[in-house]
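Both backbone and side-chain heavy atoms feed into the values below; hydrogens, waters and symmetry mates do not. Numbers restart at 1 for each chain; the letters A, B, ... are given by sequence-line order, proteins then strands.
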Number of protein chains: 2
Amino acid sequence: MNITQAADAAGLPVKTVRYYDDIGLVNAGRGENGYRVYTDDHVHKLRFLQRSRGLGFSLTDCRQLLSLYEDQNRESADVRALALQRLEDIDHKLRELGSLRSTLAELVSSCHGDDRPDCPILDDLAAGK
Amino acid sequence: MNITQAADAAGLPVKTVRYYDDIGLVNAGRGENGYRVYTDDHVHKLRFLQRSRGLGFSLTDCRQLLSLYEDQNRESADVRALALQRLEDIDHKLRELGSLRSTLAELVSSCHGDDRPDCPILDDLAAGK
DNA sequence: CTAGAGCTTCCAGCGACTGGAAGGTCAAGG
DNA sequence: CCTTGACCTTCCAGTCGCTGGAAGCTCTAG
């Protein structure tokens with residue numbers, strides 16, 4: 001199958017699939033005409049990537065995940081460790097975003113938002129705390 | 001004051017301060033020796049940037065915020081709108097991260113994490129759902 | 001006078017794509 | 001058979017917000 005079919009099947013943009021080929025993440029075959037040729041197995045990996053990326057794994061993580069996936073003798077502990085690390089990252093980000101949210105929300109609620117020039121949001125940003 | 005003092009006072013890396021000068025966000029003066037010269041007002045703006053960036057505003061947002069900040073006749077509604085937009089972005093991201101977290105957490109808890117080759121995490125990633 | 005810290009510019013690279021130009025290939029319709 | 005237009009190729013450049021490093025100038029302390 002050609003790249004567009006594969007990309008559609010995996011839920012990825014064509015450009016991204018080409019990019020994954022370029023960086024050796026999913027190496028497509030080539031037809032006589034020079035077109036990339038994708039098999040179901042390729043699509044499978046692409047979808048794997050689509051999903052992993054969606055879960056916030058970096059391409060480096062994905063490369064590792066993919067090789068673990070292909071290694072019949074891998075230990076599931078390896079994958080678990082990677083996932084746990086990502087979970088920690090996510091929790092950290094959640095905390096950060098949460099405190100960010102409350103700061104911003106407080107600023108917004110203290111701003112009357114009319115046509116007068118004074119604005120508590122800017123004042124606060126300027127004050128720097 | 002020189003760039004290092006200014007950067008320290010604003011809580012930013014020197015490189016970043018130079019970068020902000022390059023892109024015209026905070027244009028420093030120049031001394032006879034060619035060194036950038038920063039005033040308290042510059043530091044004030046740098047700190048403003050440090051804080052806005054920390055709240056997740058893009059440099060484009062920051063540029064706008066900064067010009068609103070300097071505009072004596074601005075309407076506070078403009079700033080408020082920007083902040084509200086950011087707040088929405090944050091909420092969106094929080095929701096996304098939350099569902100991500102629960103997916104990952106579920107995967108992790110279903111993985112025994114030993115030295116056997118079967119791993120529910122990889123299986124799930126591969127299945128694509 | 002010398003050493004080392006601090007400043008300058010410029011260039012390159014990060015991650016993960018994305019857009020666009022220039023050109024080859026294929027399938028369908030006239 | 002020819003044209004049209006969709007699809008494919010490569011390559012180069014740009015995105016965002018820095019960050020690192022090299023080469024070279026300036027300043028300060030001993």
Side-chain donor-acceptor pairs of residues 30-37 of chain B under 3.5 Å, sequence neighbours excluded:
unit_1	atom_1	unit_2	atom_2	d
B:Arg30	NH1	B:Gly34	O	3.0
B:Asn33	OD1	B:Tyr35	N	3.0
B:Arg36	NE	B:Asp21	OD2	2.7

(request) Could you list the residues that satisfy side chain to side chain contact (heavy atoms under 4.5 Å, CB included) with B:Ala9, not counting sequence neighbours? (result) B:Val43
(request) Give the rounded distance in Å between these two atoms: CG of A:Asn2 and C1' of C:dG24. (result) 14 Å
(message) Any residue in residues 5-18 of chain B with a heavy atom nearer than 4.0 angstrom to DNA chain D? Just list them by number, or reply none.
(response) B:Pro13, B:Lys15, B:Thr16
(message) Once side chain to side chain donor-acceptor pair (under 3.5 Å) is applied, do any residues pair with A:Thr39, and if so which ones, sequence neighbours excluded?
(response) A:His42
(request) Apply side chain to side chain donor-acceptor pair (under 3.5 Å) to B:Gln85 and list each qualifying residue two or more places apart in sequence or on a separate chain. (result) B:Asp89
(request) Rounded to the nearest angstrom, tell me the gap between atom CG in A:Leu59 and atom C1' in C:dG15. (result) 7 Å
(request) Please report the closest heavy-atom contact between A:Val108 and B:Ala83, naming both atoms and the distance. (result) CG2-CB, 3.6 Å
(request) Calculate the interatomic distance between A:Arg63 atom CZ and C:dG15 atom C1'; express it in whole Å. (result) 12 Å
(message) Quick test of your reading: applying salt bridge (charged side-chain N to carboxylate O under 4.0 Å, His left out), list the pairs with at least one residue in residues 56-66 of chain A, sequence neighbours left out, ordered by first then second residue.
(response) none
(request) Would you list the pairs meeting side chain to side chain donor-acceptor pair (under 3.5 Å) in which at least one residue belongs to residues 1-16 of chain A, sequence neighbours left out? (result) none
(request) Tell me which of A:Tyr35 and B:Thr4 sits closer to the 5' end of DNA chain C, going by the nucleotide each one is nearest to. (result) B:Thr4
(request) For DNA chain D, note the earliest and the latest nucleotide, 5' to 3', having some atom under 4.0 Å of a heavy atom belonging to chain B. (result) D:dG17 to D:dC27
(request) With sequence neighbours left out, write down each residue that passes side chain to side chain contact (heavy atoms under 4.5 Å, CB included) with B:Asp40, or none if nothing qualifies. (result) B:Met1
(message) Counting only heavy atoms and a strict 4.0 angstrom limit, can you tell me which residues of residues 20-30 of chain A come near DNA chain C?
(response) A:Tyr20
(request) Could you tell me the separation between the CE atom of B:Met1 and the P atom of C:dC7, rounded to a whole number of Å? (result) 12 Å
(message) Run the side chain to side chain donor-acceptor pair (under 3.5 Å) test against B:Arg101 and tell me which residues pass, sequence neighbours left out.
(response) A:Asp91
(message) If you define the side chain from C-beta out and look only at heavy atoms, does anything of B:Tyr69 sit under 4.5 Å from B:Val79?
(response) no
